[in-house]
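This report concerns only the one structure given below.
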Amino acid sequence: MSEQDYMTAFCTALAAKASLDPGLPVPNPTSSYWQSSPHALSTHQSAHLPSTVDVAIIGSGMTGISAAYHLLQHQPDLRISVLEARSLTSGATGRNGGHCKEDPYDDYEDLKELYGKEGAKRVVRFRLAQLDALVDVMRELGRDAEKESCLRRVDGLDAFYDRDAWETVKKKVEDYLEDFPEERNVWIVHEGDDINERFGTINAVGCITGPAGAMWPYKLVGAVTSHISNTQKYPNLSIETHTPVGSITSTDPQEAKYPFLLSTPRGDMKATHVIHCTNAYAAHLLPGLKGKIYPIRGQMTRQSAPPGFPRLGDRRSWILHYDFGYDYVTQSPSSSSSTEDIYLGGGFLKALVTGQVSVEDADVGSTRDDLQNPTALATLQDAVEKRLQHGNGTKIVDQWTGVMGFTIDNNPVVGKIPYEISRRRPADAQIEGREWIAAGFCGNGMVNCWLSGKGIAQMLLNGEEAVRGWFPVDEYACTTERLEKMTLVERFLEFVKDAV
């Protein structure tokens, strides 16, 4: 078998795996350090599951809680239930790397090819707006929320260790700045013989700096959840953890106000609107998304910082770029930890494209966040020592996995769900509600989720036109035309081609 035939067969098998029904989250995931101090509502349930609601939100990560928050800012008495299969915020938001970092130049040319120049600009501006939005909401919630979330502005450092990758990204930056000349003093390219001395790297060939954010995502979402759980302000919100939605069906024609019936182990619930904030698991309840939104498992670690490692958590985060793939690094701010722990994730991409894992063991298509990735862990074990100065002696003290949702065009799916995708068309054409989705954040949730939750809330209440001024409505739309443009096999073949 030729190398091309092998790669085609491998990608075909991988696509078949990724196109399966993702099912429900496994009940006993690995223990994420971010969740080591459970939120007060982590296992909360109402005494009785509400029988009818205005809005059922499936998923209690950043997107789902943002949707609830923004709906309630407009209609405080709205009857909303947030339904979570496991404990509160136990999915990707509670398991990620703690970054809020956008590299707008990285995929800007791809975005222009997909959406045209103006569409690409809308997407970039939307992603860049997330950090300001998060800072604003934490400020509104008060000093305790700000402190608890550890949300802070930092300098993002992208360090490149491969000459070809560096030359490619320099061209990307220049192309981006041609359309955003006002940002020439924001995204700075650094190179020269003293590059490693200046930035504390080892054998880097170049670096790019720009604005970024870092946070404790689980606690940030927890602060918002505590706020909206105030029954005096928001009397009709219910948080229903350990309440997986097994199926959704259309109700009888006479139920025009409540066209959707959600079945759970605790009973059934009728809803006017349903918002799917299930990210990697979206295709379980939306069969038309199989092979369009698919899971990828990621590996995270908490590592002890050796005595000589600089304490930079208050002002820096890192992305370590190799010939293919990257690792991502944050560090505890001095205000939250005496040890200045290092949080490091990534590690799986090279193993995938170099054939070090089988299709069955690959992170692509896997929702098994109850398992670790040994290949990724081996890479992450010595990443700090190899790539950052004074990193000798760094050791893994916690390790966990999380499941991300990816899409065929590497952009989220946010908006009204066509009946062709839900496969549920209520009999009564005069129904009041619809199904909505905000999912498929492609590993970049922290620069998409919060404002996607806001966008879907405002679309539900006021229609798409109400958000066109700031939200990429058409670019992120859940349409059959968009989702049929590419198959997973094509996507994976392009991915592997770029890698090798």
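If you're wondering where the values come from, they're calculated on a predicted model, not measured in any experiment.
A 4.5 Å side-chain heavy-atom check between Asn411 and Glu475 finds every atom pair outside the cut-off. Side chains of Val82 and Leu237 form a contact here, defined as non-hydrogen atoms less than 4.5 Å apart. With contacts defined as side-chain heavy-atom distances shorter than 4.5 Å, the pair Tyr281/Pro25 qualifies. Using a 4.5 Å cut-off on side-chain heavy atoms (C-beta onward), Asp155 and Pro211 make no contact. Contact annotation: the side chain of Ile208 approaches that of Val169 to within less than 4.5 Å [non-hydrogen atoms, C-beta and beyond]. No side-chain heavy atom of Ile239 sits under 4.5 Å from any side-chain heavy atom of Ser60. Side-chain contact check for Asp175 versus Tyr108: every heavy-atom pair is 4.5 Å or farther apart. Between Asp158 and Tyr105, the closest side-chain pair of non-hydrogen atoms falls below 4.5 Å.
With hydrogens and angles ignored, the 3.5 Å screen pairs no side-chain donor or acceptor of Arg152 with any backbone N or O of Gly213. A side-chain donor-acceptor contact under 3.5 Å links Asn373 to the backbone of Ala376. Without hydrogens or angle criteria, Thr241 side chain to Ser87 main chain gives no donor-acceptor distance under 3.5 Å. Between the side chain of Gln331 and the main chain of Ile342, no donor-acceptor pair closer than 3.5 Å is present. Between the side chain of Gln381 and the backbone N or O of Lys395 there is no donor-acceptor pair closer than 3.5 Å. Side-chain N or O atoms of Asn279 include one that pairs as donor or acceptor with a backbone N or O of Phe441 at under 3.5 Å. Side-chain atoms of Thr401 come within 3.5 Å of backbone N or O of Leu371 as a donor-acceptor pair. The closest donor-acceptor contact from the side chain of Ser366 to the backbone of Ala362 lies at 3.5 Å or more, if one exists at all. With hydrogens and angles ignored, the 3.5 Å screen pairs a side-chain donor or acceptor of Asp327 with a backbone N or O of Gly347. Between the side chain of Thr168 and the main chain of Asp164, a donor-acceptor pair closer than 3.5 Å is present.
Salt bridge Asp323/Arg163: absent, no basic N to carboxylate O contact under 4.0 Å. Under 4.0 Å is where a charged nitrogen must lie from a carboxylate oxygen, and between Glu174 and Lys171 no such pair does. Salt-bridge annotation for Arg127 and Glu102: present, with a side-chain N of the basic residue lying under 4.0 Å from a carboxylate O of the acidic one. For the pair Lys101 and Asp103, the salt-bridge criterion is met [side-chain N within less than 4.0 Å of a carboxylate O]. Of the charged side-chain nitrogens involved, at least one lies within less than 4.0 Å of a carboxylate oxygen, so that Asp369 and Arg86 count as a salt-bridged pair. Electrostatic pairing of Asp409 and Arg482 counts as a salt bridge here, judged by a charged N lying under 4.0 Å from a carboxylate O. Salt bridge status for Asp132 with Arg153: present, with a side-chain N to carboxylate O gap under 4.0 Å.
Between His227 and Tyr69, the ring-plane angle classifies as tilted under the 30° and 60° cut-offs.
Atom-to-atom distance recorded for His190:NE2 and Phe199:CZ is 4.0 Å, nearest 0.5 angstrom. In this structure, CZ on Arg302 lies 7.5 Å from OG on Ser36, to the nearest 0.5 angstrom. The SG atom of Cys478 sits 5.5 Å away from the CD1 atom of Ile417 when rounded to the nearest 0.5 Å. Here the straight-line distance linking atom CG of Asp398 with atom CG of Asp341 works out to 8.5 Å at 0.5 Å rounding. To the nearest 0.5 Å, atoms OG1 (Thr394) and CG (Leu380) are separated by 12.0 Å. We find the OG1-CD1 distance between Thr407 and Ile293 to be 7.0 Å, quoted to the nearest 0.5 Å.
Here the closest heavy-atom approach between residue Leu83 and residue Ala56 is recorded as CD1-CB, 4.3 Å. Closest non-hydrogen pair, Pro22 versus Ala283, comes out as CD-CB, 3.9 Å.
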(message) Go through it in stages, so that I can follow the logic: the residues are Phe471 and Leu451, the test is side-chain contact (heavy atoms from CB on, under 4.5 Å), and I'd like the CA-CA distance, side-chain angles, deciding distance and then a yes or no.
(response) CA-CA 8 Å; Phe471 191 87; Leu451 289 180; 5.6 Å; no

(message) Checking Met446 against His99 for the side-chain contact (heavy atoms from CB on, under 4.5 Å) test, could you report, in this order, the C-alpha distance in whole Å, the side-chain angles of both residues, the deciding distance, and whether it holds?
(response) CA-CA 7 Å; Met446 297 302 98; His99 286 264; 5.8 Å; no

(request) Tell me, with the steps shown, if Ser19 and Leu488 meet side-chain contact (heavy atoms from CB on, under 4.5 Å). (result) CA-CA 8 Å; Ser19 298; Leu488 271 185; 3.5 Å; yes

(request) Test side chain to side chain donor-acceptor pair (under 3.5 Å) on Thr201 and Asn196 and set out the steps. (result) CA-CA 5 Å; Thr201 51; Asn196 292 293; 2.7 Å; yes

(request) Please report the C-alpha distance between Glu109 and Lys172 in whole Å, then the side-chain angles of each, then the deciding distance to 0.1 Å, and finally whether the salt bridge (Lys or Arg N to Asp or Glu O under 4.0 Å) criterion is met. (result) CA-CA 8 Å; Glu109 288 302 309; Lys172 287 183 176 183; over 6 Å; no

(request) Take Asp179 and Lys112 through the salt bridge (Lys or Arg N to Asp or Glu O under 4.0 Å) test and state the conclusion after the steps. (result) CA-CA 11 Å; Asp179 289 349; Lys112 285 204 292 186; 3.0 Å; yes

(request) Evaluate side-chain contact (heavy atoms from CB on, under 4.5 Å) for Glu84 paired with Thr89, printing each intermediate quantity in order. (result) CA-CA 8 Å; Glu84 172 58 55; Thr89 318; over 6 Å; no

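Checked by atom type, the side-chain pair Asn448/Tyr476 shows a donor-acceptor distance below 3.5 Å. Side-chain atoms of His39 and Ser226 form a donor-acceptor pair, as typed in the model, at a separation below 3.5 Å. Gln399 and Gln299 are not linked by any side-chain donor-acceptor pair at a separation below 3.5 angstrom, with hydrogens and angles left out of the test. A donor-acceptor contact under 3.5 angstrom links the side chains of Trp166 and Glu191, judged on distance only.
Every residue was checked against the ring-ring contact (aromatic ring centres under 6.0 Å, His included) condition with Phe406, not counting sequence neighbours, and none meets it. Contacts of His242 classified as ring-ring contact (aromatic ring centres under 6.0 Å, His included), with partners at least two apart in sequence or in another chain: none.
Aromatic pair Phe492/Tyr294: ring centres closer than 6.0 Å. The six-membered or imidazole ring of Phe180 lies near that of Tyr176, with a centre-to-centre distance under 6.0 Å. Aromatic pair Trp216/Tyr343: ring centres not closer than 6.0 Å.
Residue Arg95 is tested with Trp34, Tyr218, Trp400 for a side-chain contact (heavy atoms from CB on, under 4.5 Å); the sole match is Trp400. Across Phe160, Tyr328, Tyr161, a single residue satisfies ring pair (Phe, Tyr, Trp, His ring centres under 6.0 Å) together with His321, and that is Phe160. Of the candidates Leu131, Asp136, Val224, Val224 is the only one forming a side-chain contact (heavy atoms from CB on, under 4.5 Å) with Trp450.
Summarising the local packing, CD of Glu182 is surrounded by more than 12 heavy atoms from other residues, nucleotides or ligands at distances under 6.0 Å.
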